[in-house]
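Every chain is numbered from 1 and lettered A, B, ... according to where its sequence line falls, protein lines coming before strand lines.
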Amino acid sequence: GENVEQHPSTLSVQEGDSAVIKCTYSDSASNYFPWYKQELGKRPQLIIDIRSNVGEKKDQRIAVTLNKTAKHFSLHITETQPEDSAVYFCAARGLNTNAGKSTFGDGTTLTVKP
Amino acid sequence: SQTIHQWPATLVQPVGSPLSLECTVEGTSNPNLYWYRQAAGRGLQLLFYSVGIGQISSEVPQNLSASRPQDRQFILSSKKLLLSDSGFYLCAWSVTGGATDTQYFGPGTRLTVL
């Protein structure tokens, strides 16, 4: 099955700096890579996603890049703000998995210091 | 639009007691349904997923079970709770057979086993 590794597990940045979280996956057939943000005590919510036929996608201050050859994808947050502080999860969805279910990384706790 | 409900929101149960958590989805038909558990400060552990009524796949062998008696209802149960069952239980749904596997999470149930 699919295996997803996420790094770093914790990340602390100053407000205004950029933050980068990286995930690697094992199944070369994986075709969909979402990122979720989970604020303390809340549910995870989708913030951005990318399909395997696209190399990069941007949405305001966040972007995701995908390197299919190396089997890794990254979340980039620019001009970080204190409200970006949360746990971020990546996921990869393999084509051959039942129910099209995704495998999640272990999460990255991002702290943005004002 | 689609909405997902979970109840109860919080639950405190003694060791050895039974458990029943319910999840319902509105506004979509034949969704994939998932149960996750999240221990404090940890990642998302997939417990069960379902592609249809009566179809349940278990990811982790344990004292929990799941059932899907109706298309948009997913129930997580236990006959005897353990201390290690404490955690934040999240139900999620996704579109069956979609090109992506965006999962939409419910508000969660915080379970404390004493």
Side-chain angles (χ1 to χ4, degrees), chain A residues 1-10 21 23 25 27 29-54 57 64 66 73 86-111, chain B residues 2-7 9-10 23 25 30-60 66 68 74 87-112:
Chain A
E2 176 68 277
N3 182 49
V4 177
E5 295 189 358
Q6 183 171 346
H7 299 281
S9 57
T10 60
I21 303 169
C23 289
Y25 60 98
D27 184 355
S30 289
N31 67 343
Y32 175 64
F33 308 91
W35 285 89
Y36 295 82
K37 176 184 180 181
Q38 185 180 28
E39 297 178 351
L40 190 62
K42 302 288 184 61
R43 73 185 86 181
Q45 294 194 306
L46 179 75
I47 55 171
I48 195 167
D49 57 9
I50 192 168
R51 300 189 189 187
S52 59
N53 59 348
V54 177
K57 184 177 178 180
V64 56
L66 171 64
F73 56 110
V87 179
Y88 292 82
F89 292 97
C90 65
R93 182 233 188 177
L95 274 177
N96 298 317
T97 56
N98 290 334
K101 63 181 177 69
S102 297
T103 300
F104 284 82
D106 287 338
T108 295
T109 301
L110 173 64
T111 303
Chain B
Q2 301 87 2
T3 54
I4 178 169
H5 305 279
Q6 284 186 248
W7 63 90
T10 60
C23 170
V25 181
N30 194 30
N32 296 322
L33 294 173
Y34 310 81
W35 277 112
Y36 291 89
R37 177 170 61 201
Q38 188 174 34
R42 305 295 296 275
L44 300 165
Q45 180 187 28
L46 180 63
L47 302 175
F48 301 95
Y49 68 91
S50 171
V51 299
I53 296 175
Q55 301 179 62
I56 309 294
S57 295
S58 174
E59 289 293 300
V60 183
R68 185 169 177 174
F74 206 22
F88 191 41
Y89 287 81
L90 290 156
C91 179
W93 72 273
S94 67
V95 174
T96 301
T100 65
D101 181 44
T102 303
Q103 294 188 23
Y104 302 94
F105 289 85
T109 294
R110 193 162 303 280
L111 171 66
T112 303

Measuring only between side-chain heavy atoms, which start at C-beta, is B:Phe88 closer than 4.5 Å to A:Lys42? no

A:Phe33 versus chain B, heavy atoms under 4.5 Å apart: side chain, backbone, both or neither? neither

Output for pair (B:Tyr36 OH, A:Phe104 CZ), nearest 0.5 Å, gives 4.0 Å

In terms of heavy-atom proximity below 4.5 Å to chain A, should B:Leu46 be classed as side chain, backbone, both, or neither? side chain

Just do the side chain to side chain contact (heavy atoms under 4.5 Å, CB included) check on B:Thr102 and A:Tyr32 with the steps written out, would you? CA-CA 9 Å; B:Thr102 303; A:Tyr32 175 64; 2.4 Å; yes

Between B:Gln38 and A:Phe89 the two heavy atoms that sit nearest each other are NE2-CZ, 3.5 Å

What part of A:Gln6 gets closer than 4.5 Å to chain B, counting heavy atoms only: side chain, backbone, both or neither? neither

Step-by-step side chain to side chain contact (heavy atoms under 4.5 Å, CB included) determination, B:Arg42 to A:Val87: CA-CA 10 Å; B:Arg42 305 295 296 275; A:Val87 179; over 6 Å; no

Taken to the nearest 0.5 Å, the spacing of B:Tyr104 OH from A:Gln45 CD works out to 11.0 Å

In this structure, CD of B:Gln6 is separated from CZ of A:Arg43 (nearest 0.5 Å) by 8.0 Å

Given that the side chain runs from C-beta out, which part of B:Arg110 has a heavy atom under 4.5 Å from chain A: side chain, backbone, both or neither? side chain

Gap separating the OG atom of A:Ser102 from the OH atom of B:Tyr34, nearest 0.5 angstrom: 6.5 Å

Is it the side chain or the backbone of A:Pro34 that comes within 4.5 Å of chain B heavy atoms, both, or neither? neither

Please state whether the side chain, the backbone, both or neither of A:Asp106 comes within less than 4.5 Å of a heavy atom of chain B. backbone

